[in-house]
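Presented below is the structure to which this report refers.
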There are 2 protein chains.
Amino acid sequence: MKKGNAKRQAILDTAYRLFLAQGYDNTSMSEITTQVGGSKATLYHHFASKEELFVACMTAAIDQHVAGALASLSTDPDDMAMTLRRFGESFLQFVSSSDMVAVRRQMVAEASRLGVGKLFFDKIQTIGNEVALFLSACMASGKLRRDDSVLAANHLRGLLEAEILEPLLLQALETPPDDAEKNGMAQRAVAAFLRAYAPDDSRTLFE
Amino acid sequence: MKKGNAKRQAILDTAYRLFLAQGYDNTSMSEITTQVGGSKATLYHHFASKEELFVACMTAAIDQHVAGALASLSTDPDDMAMTLRRFGESFLQFVSSSDMVAVRRQMVAEASRLGVGKLFFDKIQTIGNEVALFLSACMASGKLRRDDSVLAANHLRGLLEAEILEPLLLQALETPPDDAEKNGMAQRAVAAFLRAYAPDDSRTLFE
DNA sequence: ATCAAACCGTACTGTACGGTACGATTTTCT
DNA sequence: AGAAAATCGTACCGTACAGTACGGTTTGAT
């Protein structure tokens with residue numbers, strides 16, 4: 001059962017690429033078959049229906065991509081500002097990557113299909129929970145104002161995405177921003193967040 | 001030319017409702033014809049193609065809805081906090097209405113179709129520009145820290161949408177939040193924004 | 001060696017849909 | 001009234017696509 005899994009994976013890879021590039025409705029099973037090589041019977045041997053194949057592609061993509069975002073959050077509250085800046089940069093690189101934007105667009109477009117939207121949302125939530133945990137530690141140690149840490153994590157995400165996510169999803173930019181611009185957005189977002197959640201009695205933290 | 005426009009409007013209304021509820025691909029011209037009554041020839045008399053009808057629906061929806069959001073921003077910087085709170089509430093009610101969420105989902109899903117995504121994004125931008133103008137006045141009068149007003153407007157929008165937009169787009173909530181919850185979100189977002197953009201020398205503005 | 005699973009190619013079915021044709025009828029404008 | 005535009009009903013065309021059928025071939029495990 002080695003070639004079996006290899007073929008299955010090849011189908012997943014090709015289908016993933018086509019679904020992201022063209023969308024669900026504009027990608028036919030025959031096209032996937034042609035590009036992956038082989039026969040449509042083999043495809044239906046591995047996946048009972050087009051919908052099942054789509055969901056399999058998306059769940060795999062979610063798991064794979066979210067792992068990358070979580071890795072960049074070192075839970076060391078000692079140099080909070082630096083940690084947040086690094087996290088902000090890598091999170092923004094993550095969510096604004098062309099793959100991730102394409103995944104998100106498919107999730108929104110086909111949200112109702114087999115609850116794939118909720119699946120994606122739950123995964124995103126796990127990132128938020130990790131961030132909330134870190135922020136909670138910062139609040140406990142007086143580095144941040146005490147407040148609902150989940151709310152704070154949501155606000156941080158909102159600030160990080162504020163400049164970039166919408167135009168990318170709507171394909172409203174001719175030239176996508178490069179890494180330096182994204183890092184600038186992350187810097188500005190984290191700076192705003194630190195001001196918003198600074199302890200009440202500290203006003204000399206920022207130059 | 002009275003019944004002509006009436007029929008055209010009836011087609012638009014029905015198509016708008018079906019497109020939002022079912023999406024572009026899952027809505028057939030025959031279904032629109034059946035629900036609006038009459039003949040498919042009449043439909044094609046008013047709209048040359050399915051795509052043209054879709055774009056007509058979306059542009060109409062955009063114009064109509066954006067007007068509502070802009071109305072709630074009184075440009076009086078004297079009671080800035082109150083103005084922002086009221087704007088935040090109505091903006092959030094606006095973007096989280098079921099119609100607007102459905103429109104946005106279609107925009108994302110069909111962003112590449114005839115550049116309808118960019119069309120939508122530009123309209124949203126006009127709201128942001130108005131807000132930026134207001135914030136700029138607040139900065140000039142010392143009520144807010146001096147900074148890029150467009151950035152500040154983006155951050156405000158990011159904070160407002162942070163708790164609610166994503167789960168709605170992904171249809172990840174069983175029960176959508178009611179007006180009171182939305183107002184709470186707006187309050188929290190505006191409070192965070194005011195802290196983030198408070199003048200450097202004011203630390204007693206918030207209780 | 002053998003058996004079962006996986007694979008291939010090709011052709012096929014049924015259906016759904018965008019768009020057209022066409023002739024008849026109604027409404028609107030002047 | 002009478003021309004022009006809009007509307008109607010129904011049938012139709014071409015096509016694209018999800019899924020199936022089927023007979024033959026390769027591959028892997030025991």
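Predicted model only: the values in this text are computed from it and were never measured.
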Original post:
Quick one: A:Met29 CE to C:dC12 P, roughly how many Å, whole number?
Top reply: 22 Å
Original post:
Please give, in whole Å, the distance from C:dC17 P to B:Phe19 CZ?
Top reply: 13 Å
Subject >> B:Met80, B:Arg85, B:Arg86 screened by side-chain contact (heavy atoms from CB on, under 4.5 Å) with B:Thr83, the one that passes >> reply: B:Arg86
Original post:
Do any side-chain nitrogens or oxygens of A:Thr42 fall under 4.0 Å of OP1 or OP2 in C:dC8?
Top reply: yes
**OP:** Choose from D:dC17, D:dC8, C:dC8 the nucleotide whose nearest atom is closest to any side-chain atom of B:Lys7.
**Re:** D:dC8
**OP:** Please report, rounded to the nearest Å, how far the P atom of C:dT20 is from the CZ atom of B:Phe47.
**Re:** 15 Å
Subject >> Candidates D:dA6, D:dA18, D:dG9 - which lies nearest the side chain of B:His46 >> reply: D:dA6
Original post:
Tell me: CG of B:Asn5 to P of C:dT28, nearest whole Å?
Top reply: 11 Å
Subject >> Position toward the 5' end of DNA chain D (nearest nucleotide), B:His45 or A:Asn26 >> reply: B:His45
Original post:
Side chain of B:Lys40, base of C:dG19: donor and acceptor closer than 3.5 Å?
Top reply: yes
Original post:
Hey, is A:Arg17 close enough to A:Asp13 for a salt bridge, meaning N to O under 4.0 Å?
Top reply: no
**OP:** Figure out the CG/P separation between A:Leu53 and D:dC17, and round it to whole Å.
**Re:** 16 Å
Original post:
Could you give the CD-to-P distance, from B:Glu31 to C:dG19, as a whole number of Å?
Top reply: 16 Å
Original post:
So what does B:Thr34 touch, heavy atoms closer than 4.0 Å: a base, only the sugar-phosphate, or nothing?
Top reply: nothing
**OP:** Could you verify whether a donor N or O on one side chain and an acceptor N or O on the other, from A:Asn154 and A:Arg157, lie under 3.5 Å apart?
**Re:** yes
Subject >> A:Tyr44 side-chain proximity, nearest of C:dC7, C:dC22, D:dT20 >> reply: D:dT20
Original post:
Does a side-chain N-to-carboxylate-O contact under 4.0 Å join B:Arg113 and B:Glu51?
Top reply: yes
Subject >> Length of the CD-C1' vector between B:Gln22 and C:dA16, whole Å >> reply: 14 Å
**OP:** Mind calculating the distance between CG (A:Leu43) and P (D:dC17) to the nearest angstrom?
**Re:** 15 Å
Original post:
Less than 4.5 Å apart, any side-chain heavy atom of A:Val190 and any of A:Phe87?
Top reply: no
